[in-house]
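What follows is one structure encoded as structure tokens, with my remarks underneath.
Reckoned from all heavy atoms, side chains included, excluding hydrogens, waters and symmetry mates.
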Amino acid sequence: MLQYLVNDSRVGSLISLFLLILGCATASEITFELPDNAKQCFYEDIIQGTKCTLEFQVITGGHYDVDCRLEDPDGNPLYKEMKKQYDSFTFTASRNGTYKFCFSNEFSTFTHKTVYFDFQVGEDPPLFPSENRATALTQMESACVSIHEALKSVIDYQTHFRLREAQGRSRAEDLNTRVAYWSIGEAIILLVVSIGQVFLLKSFFSDKRTTTTRVGS
């Protein structure tokens with residue numbers, strides 16, 4: 001039954017489209033909390049010659065900055081940046097082994113951060129491998145490839161705008177809190193000044209009793 005479905009052109013196209021939607025995920029996307037004076041590390045086993053990309057962004061907290069360090073299996077630093085809000089780094093693995101990348105908030109004493117990173121290992125395999133293929137892509141297959149590329153772009157844009165929305169919301173909430181505290185402070189100062197003016201004006205118009213001492217002869 002499966003062989004029949006694959007041989008049918010229309011059903012085969014539907015299966016290709018279904019595989020297109022599923023795809024092969026080769027990236028790790030994580031959003032995590034990084035407390036103050038803390039350091040968080042992640043590990044990934046990578047094969048030699050694999051192209052990798054690390055992209056990160058601080059969503060909330062303090063000045064929206066964090067330290068990032070990427071090391072090879074021997075502990076040699078491949079990437080090291082201090083107090084970065086966001087960045088992207090691409091490299092090719094020079095040897096097999098476990099690569100480590102860490103995010104540090106040790107320079108902050110009281111503000112925790114929310115950090116997002118996307119670590120891509122290798123590239124997505126083609127929808128229709130060219131090996132063992134004697135003919136060119138059909139019109140349906142070409143359309144599937146185009147749609148696949150468009151969907152990947154849409155996913156990237158959605159992730160980018162979700163991060164911007166989260167960061168903008170955090171900034172707005174922080175600004176709203178500061179404005180609220182400032183308004184409360186202004187109200188207290190205005191109340192104190194008003195009470196002081198009332199007592200000051202009252203002292204100007206109050207009757208002062210003068211005590212007169214008579215000395216008899």
Are [X] and [Y] packed together at the side-chain level, in the sense that at least one heavy-atom pair is separated by less than 4.5 angstrom?
X    : Y    : answer
S104 : R69  : no
Y99  : D72  : yes
I155 : Y157 : no
L70  : F91  : yes

Exercise. F101 and F56: aromatic ring centres closer than 6.0 Å?
Worked result: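 Aromatic pair excluded; centres sit 6.0 Å or further apart.
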Mind checking side chain to side chain donor-acceptor pair (under 3.5 Å) for [X] and listing every partner two or more places apart, or none if nothing turns up?
X    : answer
E165 : R169
T114 : E33, T60
N37  : none
T53  : T90

Problem set entry | Residues forming a ring pair (Phe, Tyr, Trp, His ring centres under 6.0 Å) with Y116, sequence neighbours excluded |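 Once residues adjacent in sequence are excluded, Y116 has no partner under the ring pair (Phe, Tyr, Trp, His ring centres under 6.0 Å) criterion.
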For this session: Sequence neighbours left out, what passes ring pair (Phe, Tyr, Trp, His ring centres under 6.0 Å) with Y64? Give chain and number order.
Result: none
For this session: Under the side chain to side chain contact (heavy atoms under 4.5 Å, CB included) rule, collect the residues that match up with F199, sequence neighbours excluded.
Result: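 By the side chain to side chain contact (heavy atoms under 4.5 Å, CB included) rule, F199 matches I195.
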Exercise. With sequence neighbours left out, what residues match D65 under salt bridge (Lys or Arg N to Asp or Glu O under 4.0 Å)?
Worked result: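 Here the qualifying residues are K113.
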Seminar exercise, completed: Here the salt bridge (charged side-chain N to carboxylate O under 4.0 Å, His left out) pairs for residues 93-112, sequence neighbours left out, are E71-K100, D74-R95
Exercise. Which residue pairs satisfy the salt bridge (charged side-chain N to carboxylate O under 4.0 Å, His left out) criterion with at least one member in residues 78-92, sequence neighbours excluded?
Worked result: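 Of all non-adjacent pairs touching residues 78-92, none passes salt bridge (charged side-chain N to carboxylate O under 4.0 Å, His left out).
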Donor-acceptor pairs under 3.5 Å, side chain of residues 181-193 to any protein atom, not counting sequence neighbours: which ones?
| unit_1 | atom_1 | unit_2 | atom_2 | d |
| --- | --- | --- | --- | --- |
| W182 | NE1 | E186 | OE2 | 2.9 |
| S183 | OG | V179 | O | 2.8 |

Tabulate below the donor-acceptor pairs under 3.5 Å that side-chain atoms of residues 39-50 make, not counting sequence neighbours, or state none.
| unit_1 | atom_1 | unit_2 | atom_2 | d |
| --- | --- | --- | --- | --- |
| D45 | OD1 | T98 | OG1 | 2.4 |
| Q48 | NE2 | S94 | O | 3.3 |
| T50 | OG1 | I47 | O | 2.8 |

